[in-house]
Every structure is written in structure tokens, then in C-alpha cells.
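By convention in this document, chain letters (A, B, ...) are assigned in the order of the sequence lines, proteins followed by strands, and residues within each chain are numbered from 1.
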2 protein chains.
Amino acid sequence: MTGIRRLAQHLDISIGTVSRALNGRPDVNEETRRRVLQAATELGYVPNQSGRSLRQGTTNIIGFMMQTGTEITGQGDTFFMSVFDGIQTVFARHRLDLVALLCSSSEDPDDYLKRVVARGFADGLILSATQRHDPRFEFLAKRKIPFVTLGRSLTDVGQPWLDLDFEGMAQISIDRLVARGHRRIAVTRPHDDVNLGHLFVDQSARALAGHGLALDPELIFSSLPNEAGGYQVARQLLAMTDRPTAILLVNETIAIGFYRGLSEAGVKPGRDIAIIGRQSPQSHFLSPSLTGFTLSRRDLGIALAEALLATMPAFSHLYPDADPRKVWSEDLIEGESDAHTLPA
Amino acid sequence: MTGIRRLAQHLDISIGTVSRALNGRPDVNEETRRRVLQAATELGYVPNQSGRSLRQGTTNIIGFMMQTGTEITGQGDTFFMSVFDGIQTVFARHRLDLVALLCSSSEDPDDYLKRVVARGFADGLILSATQRHDPRFEFLAKRKIPFVTLGRSLTDVGQPWLDLDFEGMAQISIDRLVARGHRRIAVTRPHDDVNLGHLFVDQSARALAGHGLALDPELIFSSLPNEAGGYQVARQLLAMTDRPTAILLVNETIAIGFYRGLSEAGVKPGRDIAIIGRQSPQSHFLSPSLTGFTLSRRDLGIALAEALLATMPAFSHLYPDADPRKVWSEDLIEGESDAHTLPA
DNA sequence: GTGAAAGCGCTAACAG
DNA sequence: CTGTTAGCGCTTTCAC
């Protein structure tokens, strides 16, 4: 005898009543409810999730899909941890649990997702690392699984998304650098087909065009979105005969490696080259200080969670005006890495 | 009509046979099995996890419990991402899925764990951030949930564990620094009651004693296990009248902040102070280069997975000589941060 | 080698 | 307000 049955027997009432009492149904005698709740605490009873899921067709679990292995993630160390924390403050209100679905680097993400969905693992999903064309979206839409993505894509099935304002970052950065006399400006982009790379490079080109300048294809540096990638970019850049005078770093993590690569050659940010990047817990400790964009990861998480809940039938009424698609703008923190002005 | 029932109807055989065919039971006609497997692929059938779990009492899921929020983890995402990747190479052989159980920073870890277990969420667990006294161990042992911990604890219920060799790091570091003429050596430790802090500080003291030296309590710096914590330590250290000549950094992430704090005061590692720390993707790009310990996170993950499986009845026969408790030693990579020798 | 049927723990519909 | 019961999808006896 185990589970709800044991609890019922212990209290000498039926399992139906126990279930109703625990699930807050109104049609239960308050005294009965009190006894049930107390006994549940005493005996440490918690409903078995499998039984409940099987019956209700829901799991109360939301999955955040991410790839494991270090080269891939691209966000800095604690990026996701902070986002998770924001998500959870929202989910806690609805007794939803967030788990990270870890797709091994040796498994195809699309296959992994299919498996997770078919198993009925989660009630909703959050996808990150959205690709320029992302088949996962279509699959989920066909299966009518609620999901939200952190990142846009050319694939559009009407799902909600949140994304950082890469166009805004590009525009502001370019305007700022041009105003300081820079004409030869480089940009970085991730090596793979993740969507943000396209957004960032394209908008940089447009912004430059607005000033009558062109984005030299030689000045688009592809890199792994990690420290080593940044170091590589620095080496490549330093080897050029006609070096850029400024560069935009699109990934958070690459600044550290990039700085190191420069310093080995005695090239100093804010004097010999202008850098605009993104703030992170690590970049905070670079010297000269980095001029870069910052955002509240926690707030981003909260918005992600609300956007997802707004698409789930069971919760949508609670989030009537959650923004289904939103570009999340970031603030520029001025540092010393682009402090100098070029002579005219 | 859905699930296995639909598949059976489609093939015009019974659901029992379908189940047996899919689960590789021997008592199935090979031709039948072939048809079932093919139909399953065509229709994209994957067994519902809740139904299966309810029946079998297992979930085929292993949970890795971690706390969200940035200050707490101390290790970066990338640390865990690499460990996960190692774990998954082992689990893939047994069709086990690894998920990260994300305990919100606002929830008590012990309560969270109870909830997860009672729900029957996972067949086994991996715990990190082990505390000096960790009630989670006793709880899991009582419930007979297989688990392994990344980190030791004074709490001992006979569970398997893996841990980094903090004593070895302390001993080697101290010996090395003393040999270079250092007598006044500082150590860091995490601010909370995580077990590794105790191990590291205690062994440092013993190692010093071996050289006839004492660990000055003033030279034990508690810090948040992140970049900001390292910066704080540097500030405190610089403010002292009788500064140490060397320091051991126990956390991976603090080196960056610590370097920055020093450089603001013009204090240079390897000249004005000796530093021994731990290598990480970020520390790789510090200058002067950090002398520090390194390990293969992926191999650590593999060992963790094997240690866990060795305790699970369903798999133990496959891992007869997995080491149930192992201190994982790290290699010292010589850098420039402790290059100098003190005058006698 | 296959089909029929029980039952895992739970919730919801229905009867009282 | 409470008890009884069907059935969620699946695996596993037990007959045949």
C-alpha cells in the first residue's frame, strides 16, 4: 500500500476525497481538508508525477533546451543561470518546475527535441541558440506544443520570441564610432548559423551605409563564441596590413580573449583601437574598461516566462498583455575601450 | 486513438506485441518486430514517459541538481556544460537522459530535493555544491534513491562521491611557494559552508605546519566564488599593512577579479605577489599567465556517471569496478604568476 | 509467438 | 460533502 491509497487508509477516508482535498477543490469539508493536509505533511506524501501526468496529460514541467559542450553555448558563464532565476520567479507562482533539457553535443538537436516531445516530457519549452533556419519551430508548431524562443529566426510559425536588440546595438555602436572619426570598422560574428550573427552583421552594414561607408568583407571576423575565439580574432586582426581602427564584439565572452591578444602585441584598447562589446561578469574586470551593452538577465528570464505562459491555454488569461514578440534593448555603458577620437 | 494503441491498430496486431517488439523482447517474430519498428519510425511513435514510468516505476532520467542565480554556483555554466557532456557519453549507452534540476535561489535546496524525489522524477541523482553537513544525503539514503555527489561532506551515508583533490592542490601549492622563499601565504575560501573550503584551508594549514609555518587567520579570505569576490579579496589584501607575499585561489572564477584588483594598485603577479589558482577558459587569457591546476571536466563527468550507475541495481553489473569514491587529482600548469623567488 | 487483461497512481465524473 | 469507479499509456503476466 503506497501513495494516495496509503494516505487514504491512514485517514480512513476514500482516495477521491484525499485527492480533492489536496488539490484545493471547493467541495471538501474544511475539517477533512485540514486532516488530509496534516497527514500528508506527516507522512511526507507528494503525488506521484507519473500518475498525475498520465491522468491529466500535463507534467507541470517546462523545459529549457540547451546544448552541452563548451564551444557551443556562446553565452558567458553565468548568463543562463541568471536567466533561469528570472524564469523561476514567474513559474513558482504556478507550481511549474523549470528543468534544463541537456542535448548532448553528439546528438542532433532536432532529434533530441522530437524525443523529448513524444515522450510527453514537458508542457512547454523554451528554446535558445535559434538558428537562421530552425526546423524545431515547425515541429513544435505541428505538435501544438507551447514554446517560446530566446532568439529570432527566419523560420516563423507565429511563435512568441524574445531577442536581444542586436540591430540596436549595431546601430548605436556604429554611429558612436563614426562620430569619433572611425571609418574602418570591423565586426565579429559567431562561426555557425545562429541567427544573431546575421542580424548583427546586416545592421552594421546598413548603419555604415547610412554614413556613406561600406562594411569591408575582410573586416567580418567569424569566431567561436568563447574566449579562445576572441583571441583568434585579435591575432587575425593584428596580422592585417590595413587594420581596422575599431571593432564590435557581438558575443559576451570573446572580449577577454580579444583583450589578451591585443595586449600581447602592445595594442591598447581606447588608444590604438576602439572596442565596443557586451558587458558580462567577466568583462567588468577588463582593463581598460570595456564600453559595452548590458542587460538584466533576470528580467529577460521573467519576460521569457511570461511570454511562454501567455501562449499556454491554462495560463494565458493571467497574462493578457504579455508581449508575444519583443526586442530587448540593452543599455550602453561607457568605458575606456573606445575613449579616443581619431584625427580628421 | 493514440499512442501504442494507434500503432497496434495500424498494424492490426495487439498492443502487447507492439510493446514487446519495441522493447526488444526475444519472444517476438522477427518479421513482426521489423514491421513494428518500421511503423514506429514512420508514425514518429515514442512511448509516453508517464505511462511507462507508472508501470515500471522508473523514468530513465537522471537529475543533476544545481542552484540557479549567479552568486551561488561558483562554477560557471561552462564548467558544468563540459561535465554534462562527459556524463552524457556514458548515459547515452543506456538510453538514460540527463536533465538539470534547477533549484531556484529562493527555494530551500532540501525542500526542492524532497519534492523532486517524492514526485518520482528521476531514477538517480547527482548532487553538486555539497555542504560540510548536507542533509540531502540522509534523505536520499533513507528513500534509497541512487545518487552520487560531486564533492565530499562530513555527512556520510556511504554514498559514492567524486571530488577534486583540494588537499593535493593545497599541499603542492604550499610546498612550491615555500620553496620559493614565501613565508607569509594567504588562502581564499568560499563564503558559505561548502565543504571544499574546509578541506582546502585545513590542508593548507597542515602543509604550512610541515614547513614550520603557521596559517595566519588574517590571511584566510572568504569570498563569493565569482569575479567580484576575487576583486574584493584583492582590495582587502592590498589594504593590509603586513601583506602576504603569496596567495592560493581556490575557486576558478575569482582569478579574474583578483588580477584586476591588483593591477589597479600596480601590483604585478609573479613580481610583487605570487598566485596559484585554477585554470579555466577565462584564466587562460590572464596576463601574466596564471600558475594553476587544471582538469578534464569531461573525464570528470564520465567518472561521475559511472560511479552513479555502479550504485544502481539495473546497471551495477556493467560497472563492477567503478571507483565508488575518488579524489580527482589535477595537474599544475606553470605560469608566470608565481615565477619570482623571494630573497632569503 | 500472440492476444487478452490486470494494474501502476492518480484525477474527474457521477451517484448518492 | 463523500465514496465509487473508469481510464490516462504502458508493460507484463497468463492463457492459448
Side-chain angles (χ1 to χ4, degrees), chain A residues 1-37 39-40 43-61 95 115-123 143 314, chain B residues 1-37 39-40 43-61 95 115-123 143 314:
Chain A
M1 185 70 60
T2 147
I4 199 172
R5 202 152 249 120
R6 191 164 81 94
L7 193 56
Q9 197 180 46
H10 176 82
L11 290 161
D12 199 25
I13 57 179
S14 76
I15 59 170
T17 302
V18 171
S19 175
R20 285 191 299 266
L22 290 171
N23 289 296
R25 289 295 142 76
D27 55 348
V28 175
N29 182 300
E30 274 311 320
E31 168 61 12
T32 309
R33 187 194 307 280
R34 199 194 51 70
R35 285 181 57 220
V36 171
L37 257 36
L43 302 183
Y45 171 79
V46 176
N48 175 294
Q49 187 59 39
S50 296
R52 182 176 246 193
S53 298
L54 193 51
R55 174 66 224 230
Q56 305 198 120
T58 68
T59 61
N60 294 319
I61 289 171
R95 310 177 135 269
R115 203 153 52 86
V116 164
V117 167
R119 283 172 135 204
F121 189 89
D123 294 345
R143 296 287 186 116
Chain B
M1 186 68 61
T2 146
I4 200 172
R5 202 151 249 119
R6 190 163 82 93
L7 194 57
Q9 197 179 46
H10 176 80
L11 291 162
D12 199 26
I13 56 179
S14 75
I15 60 169
T17 303
V18 171
S19 174
R20 286 191 297 265
L22 290 171
N23 290 296
R25 289 294 141 78
D27 56 349
V28 175
N29 182 301
E30 274 312 317
E31 168 61 14
T32 308
R33 186 194 308 280
R34 200 194 51 70
R35 287 180 58 220
V36 171
L37 256 37
L43 301 184
Y45 171 79
V46 175
N48 175 293
Q49 188 60 42
S50 298
R52 180 175 249 195
S53 299
L54 192 52
R55 176 63 226 234
Q56 305 199 122
T58 68
T59 61
N60 294 318
I61 289 171
R95 311 176 135 273
R115 203 153 52 86
V116 164
V117 167
R119 280 172 137 206
F121 189 88
D123 294 347
R143 295 289 186 114

Undergrad: Is the phosphate of C/dT2 approached by B/Ser14 (side-chain N or O, under 4.0 Å from OP1 or OP2)?
TA: no
Undergrad: When you compare the side chain of B/Tyr45 with that of B/Leu22, does any pair of heavy atoms fall below 4.5 Å?
TA: yes
Undergrad: With a cut-off of less than 4.0 Å, is there a side-chain N or O of B/Ser19 near OP1 or OP2 of D/dT11?
TA: yes
Undergrad: Check every strand shown and say whether A/Asn29 touches a base, only sugar-phosphate, or nothing at a heavy-atom separation below 4.0 Å.
TA: sugar-phosphate
Undergrad: B/Ile15 CD1 to C/dA4 P: how many Å, rounded?
TA: 10 Å
Undergrad: Indicate, with a heavy-atom threshold strictly under 4.0 Å, whether A/Gly16 touches base, sugar-phosphate, or nothing.
TA: base
Undergrad: Do other residues, nucleotides or ligands put more than 12 heavy atoms under 6.0 Å from the CZ atom of B/Arg115?
TA: yes
Undergrad: Can you tell me how far P of C/dA4 sits from CD of B/Gln9, to the nearest Å?
TA: 13 Å
Undergrad: Report the distance from atom CG of B/Asn60 to atom P of D/dT11, rounded to the nearest whole Å.
TA: 10 Å
Undergrad: To the nearest angstrom, how far is B/Arg5 atom CZ from D/dC10 atom C1'?
TA: 9 Å
Undergrad: Tell me which nucleotide among C/dG9, D/dG3, D/dC10 gets nearest to the side chain of B/Arg52.
TA: D/dC10
Undergrad: What is the distance from CD1 of B/Ile4 to C1' of C/dG7, rounded to the nearest Å?
TA: 15 Å
Undergrad: Under 4.0 Å: is that the gap between some side-chain N or O of B/Tyr45 and OP1 or OP2 of D/dG9?
TA: no
Undergrad: If you assign B/Arg25 and B/Leu54 each to the DNA chain D nucleotide with the nearest heavy atom, which residue ends up on the more 5' nucleotide?
TA: B/Leu54
Undergrad: Within a strict 4.5 Å, meaning less than it, do heavy atoms of the A/Ile13 and A/Val36 side chains meet?
TA: yes
Undergrad: Side chains of B/Thr32 and B/Arg35: donor-acceptor distance under 3.5 Å anywhere?
TA: no
Undergrad: Please state whether the base of D/dG9 and the side chain of A/Arg55 form at least one donor-acceptor pair under 3.5 Å?
TA: no
Undergrad: Mind checking if A/Ser53 touches a base, just sugar-phosphate, or nothing, with heavy atoms under 4.0 Å?
TA: nothing
Undergrad: For D/dC8, does OP1 or OP2 lie under 4.0 Å from any side-chain N or O of B/Asn48?
TA: no
Undergrad: Evaluate the side-chain proximity of B/Arg20 to B/Thr17: yes if any heavy-atom separation is below 4.5 Å, no if none is.
TA: yes
Undergrad: State which of C/dT11, C/dG3, D/dG3 makes the closest approach to the side chain of A/Thr17.
TA: D/dG3
Undergrad: Ignoring backbone atoms, establish whether B/Gln56 has a side-chain N or O less than 4.0 Å from OP1 or OP2 of D/dC10.
TA: no
Undergrad: What is the distance, rounded to the nearest whole Å, between atom CZ of B/Phe121 and atom P of C/dG9?
TA: 19 Å
Undergrad: For the residue pair A/Asn60 / B/Arg119, report whether a side-chain donor-acceptor contact shorter than 3.5 Å exists.
TA: no
Undergrad: Tell me which of B/Asp27 and A/Glu30 sits closer to the 5' end of DNA chain D, going by the nucleotide each one is nearest to.
TA: A/Glu30
Undergrad: Would you please confirm or rule out a distance under 4.0 Å between OP1 or OP2 of D/dG9 and any side-chain N or O of B/Ser50?
TA: no
Undergrad: Any donor-acceptor pair under 3.5 Å joining the side chain of B/Arg20 to the base of C/dG3?
TA: yes
Undergrad: Rounded to the Å, how far apart are A/Arg119 CZ and D/dT11 P?
TA: 12 Å
Undergrad: Can you tell me how far C1' of C/dG9 sits from CD of A/Gln49, to the nearest Å?
TA: 11 Å
